[in-house]
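Shown next, in structure tokens, is the structure this report addresses.
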Amino acid sequence: MSFTEAKEKYAVIGIDAQAAIDRLKSVPVSMHCWQGDDVRGFDTDPTKPLTGGIQTTGNYPGRARTPEELMADIDEALKLIPGKVKLNLHANYAIFNEENGGWVDRDKLEPKHFKPWVDFAKERGLGLDFNPTFFSHPMCDPLTLASPNEETRRFWINHGKACIRISSYFAEELGIPCTMNIWTGDGFKDIPADRMGPRVRYKEAIDEILSEPYDFKMVKPCVESKVFGIGVEAYTVGSAEFTLSYAAANMDKCIPLMDNGHYHPTEVVSDKIPALLAFFPEIALHVTRPVRWDSDHVVLFDDETREIMKEVVRCGGLDGRVNIATDYFDASINRVSAWVTGMRNVEKALLYALLTPAEDLKKLQDTDQFSELMVRQEELKTMPFGDVWDEYCRQCGRPVDGTWFDEIKAYEKDVQSKRV
Ligand code: RNT
Ligand code: ZN
């Protein structure tokens, strides 16, 4: 079926497919830089394991090892991803060179250590988001912002403040708001003797970080919760209740971030989005795919991803209320393919949501017509969505499904396989 025919079919259910495509073109989705190199970054020994309870599994060849390789891989991914993309950086991706005086520790990071990324973003018209890196570092004792050790806590607070300054630099240079996400893996493997102390210290540490001046319209600090991590099974300092309460008590200076890998397996973020939007003017998301735990598998076009994006769309999330970012890391497959697959699926789920007659379905709900609601919702699943998606890709100047994987194969052969 062609786009013209698909458009007619959608028109019958009151949907303007071209309007959906146009709307999606303006929605920024922030692509995490860390899929390209298994969250290693450039500021610490790459042979040391990841810490903070997160893990990449797999040993697929071709991992980016330098800023140049990572940038080349991001460029390759961008060629295959339709829509408006932002780039999400972590502080451990600072670039040290002769021009900026070489390596400094995380508490001493400055905007100049990220100038190559700003240049990269400017050349490609991308916005930048940012994350302090509170893991995989000798100063994790193993706690960071929640540590009872004053010296440790001070180091990480200074890191957080440095990151606020770097986020302001991104926003100013690019004229695009920068979300800055605070997540730590602080917690305990086994039953703690004090659950409140670490949380009070974490709270006060975030207070100190956010006392660094910034324009809240341009720099958006987020607090991300988590239920557990590997080696941190019994207790997480930044639990859901902790971060949500923190964000609620500090609405004038930060926003809550939900990662859909960070809840108990029967909880769904799709249901939490409207709950939070009933209170918060703005929220942020890390879109991932948890398989039995917070495994950070590549995002698929699956039920929950579609449901998340339906809520984003029908709760007015596209009008600046929901900041969407990806967050996964699969080292068992081609890493550029992983980026492209996940980002295309986020875009797909958004388009699918924009092609849903939300108002009509809501009316059926509000008038107790649940039989018809079920039928209508089921019938949407076999609408000619693929033709509208292909048209979206074409209008964005990106390959349609079925035509881009050869590009991955060629890049792997010519570039990634030579990294030995
Ligand atoms: C970890 C969190 C966090 C990280 C990134 C690298 O469980 O999801 O967002 O994935 O900061
Ligand atoms: Zn996350």
Side-chain angles (χ1 to χ4, degrees), residues 28-30 32 52 54 86 88 90 129-132 134 144-146 160 163-164 167 177-187 198-200 202-212 214-229 236-264 267-288 290 294 296 304-305 307-327 346:
V29 176
S30 192
H32 60 309
I54 55 175
K86 283 178 106 181
N88 201 1
H90 238 286
D129 290 324
F130 200 46
N131 304 257
F134 298 107
T144 63
L145 294 175
C163 288
I164 296 261
S167 301
C178 172
T179 58
M180 190 202 90
N181 180 45
I182 297 176
W183 170 78
T184 79
D186 287 15
R199 289 192 172 128
V200 171
Y202 191 21
K203 172 183 176 293
E204 288 170 358
I206 306 174
D207 285 346
E208 278 201 59
I209 291 172
L210 301 188
S211 73
E212 184 70 25
Y214 56 93
D215 172 2
F216 190 35
K217 283 198 198 67
M218 294 307 281
V219 173
K220 311 200 168 176
C222 309
V223 279
E224 178 182 15
S225 70
K226 189 155 177 173
V227 61
F228 80 95
T236 296
V237 183
S239 60
E241 294 74 16
F242 175 90
T243 53
L244 214 44
S245 304
Y246 190 91
N250 294 277
M251 274 207 203
D252 56 332
K253 50 176 184 266
C254 80
I255 62 180
L257 185 146
M258 294 191 290
D259 179 313
N260 62 302
H262 291 192
Y263 298 87
H264 288 282
E267 288 184 74
V268 281
V269 161
S270 51
D271 185 62
K272 298 174 192 296
I273 291 168
L276 263 58
L277 287 176
F279 295 91
F280 292 93
E282 203 170 328
I283 65 169
L285 299 178
H286 272 181
V287 185
T288 186
D294 182 31
D296 286 293
E304 175 57 5
T305 307
E307 212 56 34
I308 285 175
M309 295 313 162
K310 275 196 245 167
E311 289 299 344
V312 168
V313 167
R314 63 195 177 198
C315 295
L318 301 187
D319 303 318
R321 295 195 66 194
V322 181
N323 300 279
I324 307 168
T326 48
D327 179 17
V346 169

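Side-chain atoms are counted along with the backbone in the values below, which use heavy atoms only and exclude waters and symmetry mates.
Side-chain contact between Pro221 and Phe216: present, with at least one pair of heavy atoms (C-beta onward) separated by less than 4.5 Å. By the 4.5 Å heavy-atom criterion applied to side chains, Ile273 and Met258 are counted as neighbours. Here the side chains of Leu244 and Phe279 are not in contact, with every heavy-atom distance at 4.5 Å or above. Using a 4.5 Å heavy-atom threshold, the side chains of Val237 and Thr184 count as separate. Counting heavy atoms from C-beta outward, Val312 and Leu285 have side chains that approach closer than 4.5 Å. Asn250 is not listed as a side-chain neighbour of Ile206, based on a closest heavy-atom distance of 4.5 Å or more. Looking at Tyr246 and Ile182, their side chains never come closer than 4.5 Å, going by heavy atoms from C-beta outward.
Residue Ala146 comes nearest to Pro198 through the heavy atom pair CB-O, 3.5 Å, listed as atom of the first residue, atom of the second, then distance.
With hydrogens and angles left out, the side-chain atoms of Glu304 and Ser270 include a donor and acceptor closer than 3.5 Å. Side-chain polar atoms of Asn323 and Thr179 form no donor-acceptor pair below 3.5 angstrom.
Of the residues Thr326, Asp296, Asp327, the one that meets the side chain to side chain donor-acceptor pair (under 3.5 Å) test with Thr288 is Asp296.
Salt bridge absent: Lys253 and Glu282 never bring a charged side-chain N and a carboxylate O closer than 4.0 Å.
Lys220 NZ to Tyr214 OH: the interatomic distance, rounded to the nearest 0.5 Å, is 11.5 Å. In this structure, CE on Met180 lies 11.5 Å from CG on Leu257, to the nearest 0.5 angstrom.
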For Tyr263 and Lys272, run side-chain contact (heavy atoms from CB on, under 4.5 Å): C-alpha distance rounded to whole Å, both residues' side-chain angles, the deciding distance at 0.1 Å, then the answer. CA-CA 11 Å; Tyr263 298 87; Lys272 298 174 192 296; 3.5 Å; yes

Apply side-chain contact (heavy atoms from CB on, under 4.5 Å) to residues Lys203 and Phe242 and explain how you reach the verdict. CA-CA 9 Å; Lys203 172 183 176 293; Phe242 175 90; 4.0 Å; yes

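In this structure, Asp186 contributes its side chain and Thr144 its backbone to a donor-acceptor pair below 3.5 Å.
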